[in-house]
Amino acid sequence: MARYAPGETEKKWQSAWNEAGTFLASADPAKEKYYVLEMFPYPSGRIHMGHVRNYTLGDVVARTKKARGFSVLHPIGWDAFGMPAENAAMASGGHPKDWTYKNIEDMKRQLKPLGFSWDWTREFATCDPDYYGQQQAMFIDMLDKGLIYRKNAVVNWDPVDMTVLANEQVIDGKGWRSGAAVERKELTQWFFKISEMAGDLLDSLDDLEGWPEKVRLMQANWIGKSQGLEFGFETLNAPKGFERIDCYTTRPDTLMGAGFVGISPDHPLAKALEAQDPDMAAFLAQCRKGGTTEEAIETAEKLGRDTGIRVKHPLNPDWELPVWVANFILMDYGTGAIFGCSAHDQRDFEFATKYDLPIIPVFEPIEGSEGLSAAYSPLKSETVRYIRGFAGAQVQTGEDGVAAAIAACEDKGFGTGVTKFRLRDWGLSRQRYWGCPIPVVHCADCGVVPESKDNLPIRLPDDVSFDVPGNPLDRHPTWRNCSCPKCGAQALRETDTMDTFVDSSWYYSRFTCAGADTPTTDETRYWMNVDQYIGGIEHAILHLLYSRFFARAMNDTGHLPDTAREPFNALFTQGMVTHAIYKTTGTDGRAVYHYPEDVDQREDGAFLKSDGSKVDVIPSAKMSKSKNNVVDPMNIIQEFGADTARWFVLSDSPPERDVEWTAAGAEAASKFLARVWRIANDIAEGADGDAKADQDLLKATHKAIDEITKSIDSFAFNKALAKLYEQANTLQKTKASNAARREAMKLTAQLMAPMVPHIGEDIWALMGGDGFVVDAPWPVVDPAMLVEDVVTLPIQINGKRRAEISVPKDMPKEEIEKLVLAQDNVLRALDGGQPKKLIVVPGRIVNVVI
RNA sequence: GCGGGCAUGGCGGAAUGGUAGACGCAAGGGACUUAAACUCCCUCGAACUUAGUUCGUGCGGGUUCGACUCCCGCUGCCCGCACCA
């Protein structure tokens, strides 16, 4: 018998599929279509196990749907713009373009041997001028439609390198290269009006039934709809133009507990004071230190400064409140001003305690009372007793209190109930080279003018250098020069490029018509929506929310049909592939990471092979190049073949959960495939058996078809594989006739083929199957084969299993009861008495309560 | 800090509120072999008075005839936090 040799046969089948055009998608109107898409990769140059897992999941879906008769679209491309290409150019010379396209070629060479059923004719990279030119065309349409505008926004500014930093380039508040303390600086930037669609993006989540509940919940919280009161505080001694400070609160019921008014360091009033008060300017400078992330702002020490300005309490003109600047108030949310109710908000409480501001309780618990060591902030749904309420009942829920307060304030004419969202507009400007140029020009006479579509694509210039920090487009000698599309005068190009999230917000629709001279075409109507989208949970909010917005914006500008406003019908979020990290501390105090092969694992810990020093082991960490804990799938493929790698990433762990890479697992997968190969060859060699066992084998096989089909449909691939292990055991042990074994093996090959397609083809051919197994229709379950005549019923006594009986499937309840009460263990437990209760769940279980 | 998720043998995991540990890995024992590898067979949650009994699904409560599963409160870890992709 020939040994299973994946190295040869895998290549053979891949060429055969390729020649037959097996995976070319065609918009066949006679067939139902199915569009399966995995999140496209960033071309880092090396594939990793996370890729193998992601694409294997999608491949199983694509191949199964094909077998079920769908016209399948399963494309792949490259998310090719972004910072790493520029970083590489800075670190080792070269050009981001060359680096990127070379990486794409390298990764393709690594991915092709895995045998994924992609239609490579639709491949593109987002850095292809053909792709980003169409993106520029849509930008112009969206600008025209009022979906894009400019405003000031803060960025991380490195004062030494004189450049904008990404959040990940800010480490502990310092620039990653210069080490300088990062400042928050305002720049004029381009924005998508995503907040205008906040309500729709929120409400539509309810209809996304194919999405995980957790993702919908995360997006809902991110959008953050709130009902509250917007009202003004009348100021007493503020600079001109600030006679009123507008405030937004979601807890107007606590207005009588106001201890102070707080404004953001970026509030216009704070800026006005900054100009005239050096102390205030110094304080604001301190507030602006550090990065721009919400995390950095929320975890920073709470800082405040009294402005000296006083306001009148709207419910009592004699009551004056101080106005403070506080570093934890965000200008982007609400109006950038709040009133502090220190008794019922933990953050305000800490602030008031620190700066000795009043803490005035508004309500208290129905029973007992809270001490003053913390704010009392129960859920709004909880009923409380108001002691300083001004609207509604004395005892009511927070919700009712808020509603009554809004109504009362509207009555008194000093505020309005409003709905607000936490979601901010999407800033798309990047002060970087390697991105899609924003197609607008700045004209001295006409102002900001969109480029003419005839001039698209606006290409990135190739002659740039990265030896100095900053945006090479800014300092390019000629690229900026252009003529105004409106008046023809000399003008300057915009040098900001687009956020790479824009690129990934519509690539799914470009796959439907890659290469077309408009962003989308009629074929887009056939293929959209994506029926199954698969990718990492880390994209739960930003990428997926931006894509949902962009599909709406494309629809509003005529680039997608109304039915594609929600682009992804179903979403599956896979877990990460993890591996232990081995870490020591270097002489400079920084962490040093070691490759697994450089570490000795012993009973008393882990040690470096080189010098024997103790290594810290961090288990189950995300695989990341910088942590040296990446397992290269190419080694597995070379040693065991693609099917083994595919089988391994599908086995054991459920796909939504993180999976820890282990070398032993890959070996086990390889052994299993070799075993199935041997069983198939045994059958092919024709040893006959006993036809009496045929029925049992076919029954087991149909049960496997049923369970595996259901498991694949519910993304429980680990369970499908467990069933295939059982089926292999059954096939190995059965004494059935050769004809029956051949039939069962053929069906098993079909069931395995979506996961391990190469060995699937091999066995299919060996069993005399027609054509490719990849083209064979999915096996159909014979329901008659699933029927069991006798069922085993466990008997519980007080909820603990104590015995079991076998009964015919349809035995009436009364007879089961009789049998149970005559059972030895039950008689012993009853000790002559009667059961309190006898619960019979037909076909399931019996519980005797004594 | 805020939002979301996860937690079951030595390990990965299985279990419409109904026999906890399917299936696999590792380990141990045996067969085959001159020997080894491969392969095949058996055992495998813990404790005890071992044909049995008791305990056992991160911790503490609760609902139920019955809870890994539902509810409340914790702990630990993971993801995201708007310029990483």
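This structure is a prediction, so every number in the text was calculated from the model and none was measured. Order of the sequence lines sets the chain letters (A, B, ...), proteins ahead of strands, with each chain counted from 1. In what follows, every heavy atom counts, from backbone to side chain, and hydrogens, waters and symmetry copies are set aside.
In the interface, the side chain of A:Glu295 is paired with the base of B:rC81 through a donor and an acceptor atom under 3.5 Å apart. One can find a donor-acceptor pair under 3.5 Å joining the base of B:rU16 and the side-chain atoms of A:Arg844. Residue-to-nucleotide contacts include a donor-acceptor pair under 3.5 Å from the side chain of A:Gln431 to the base of B:rC83.
Here B:rG28 sits opposite B:rC42 as a Watson-Crick or G-U wobble pair (both hydrogen-bonding atom distances under 3.5 Å). Within the shown strands, B:rG62 is the pairing partner of B:rC70 under the Watson-Crick or G-U definition, both distances less than 3.5 Å.
Within 4.0 Å of A:Val164, counting heavy atoms only, lies at least one base atom of the nucleic acid. A:Trp426 comes within 4.0 angstrom of no nucleic acid atom, judged by non-hydrogen atoms across all strands. At the heavy-atom level, A:Arg802 lies under 4.0 Å from the strands shown only through sugar-phosphate atoms. Residue contacts shown for A:Gln732 are limited to sugar-phosphate atoms, with no base heavy atom under 4.0 Å away.
Taking the six-membered ring where tryptophan is involved, the planes of A:Phe672 and A:Tyr725 are tilted, since the angle between them lies from 30° to 60°.
Taking a cutoff of 4.0 Å between a charged side-chain nitrogen and a carboxylate oxygen, A:Glu350 and A:Arg347 do not qualify as a salt bridge.
The nearest whole Å value for the distance from the NZ atom in A:Lys836 to the P atom in B:rC65 is 11 Å. Across the protein-nucleic acid pair, A:Lys710 atom NZ and B:rA14 atom P stand 18 Å apart, rounded to whole Å. If you measure from atom CG of A:Asn798 to atom C1' of B:rU19, you get 16 Å, rounded to the nearest angstrom. Between the C1' atom of B:rC23 and the CG atom of A:Asn729 lies a distance of 9 Å, rounded to the nearest Å. If you measure from atom NE2 of A:His539 to atom P of B:rG4, you get 21 Å, rounded to the nearest angstrom.
Between A:Ser651 and B:rG24 there is no side-chain N or O to OP1 or OP2 distance below 4.0 Å. Distances shown here put a side-chain N or O of A:Thr500 below 4.0 Å from the OP1 or OP2 atom of B:rA85.
Checked options A:Thr188, A:Thr495, A:Asp496; the residue passing with A:Ser429 is A:Asp496 (criterion: side-chain hydrogen bond (donor to acceptor under 3.5 Å, both in side chains)).
The CG atom of A:Leu731 sits 4.5 Å away from atom OG1 of A:Thr748, with the distance rounded to the nearest 0.5 Å.
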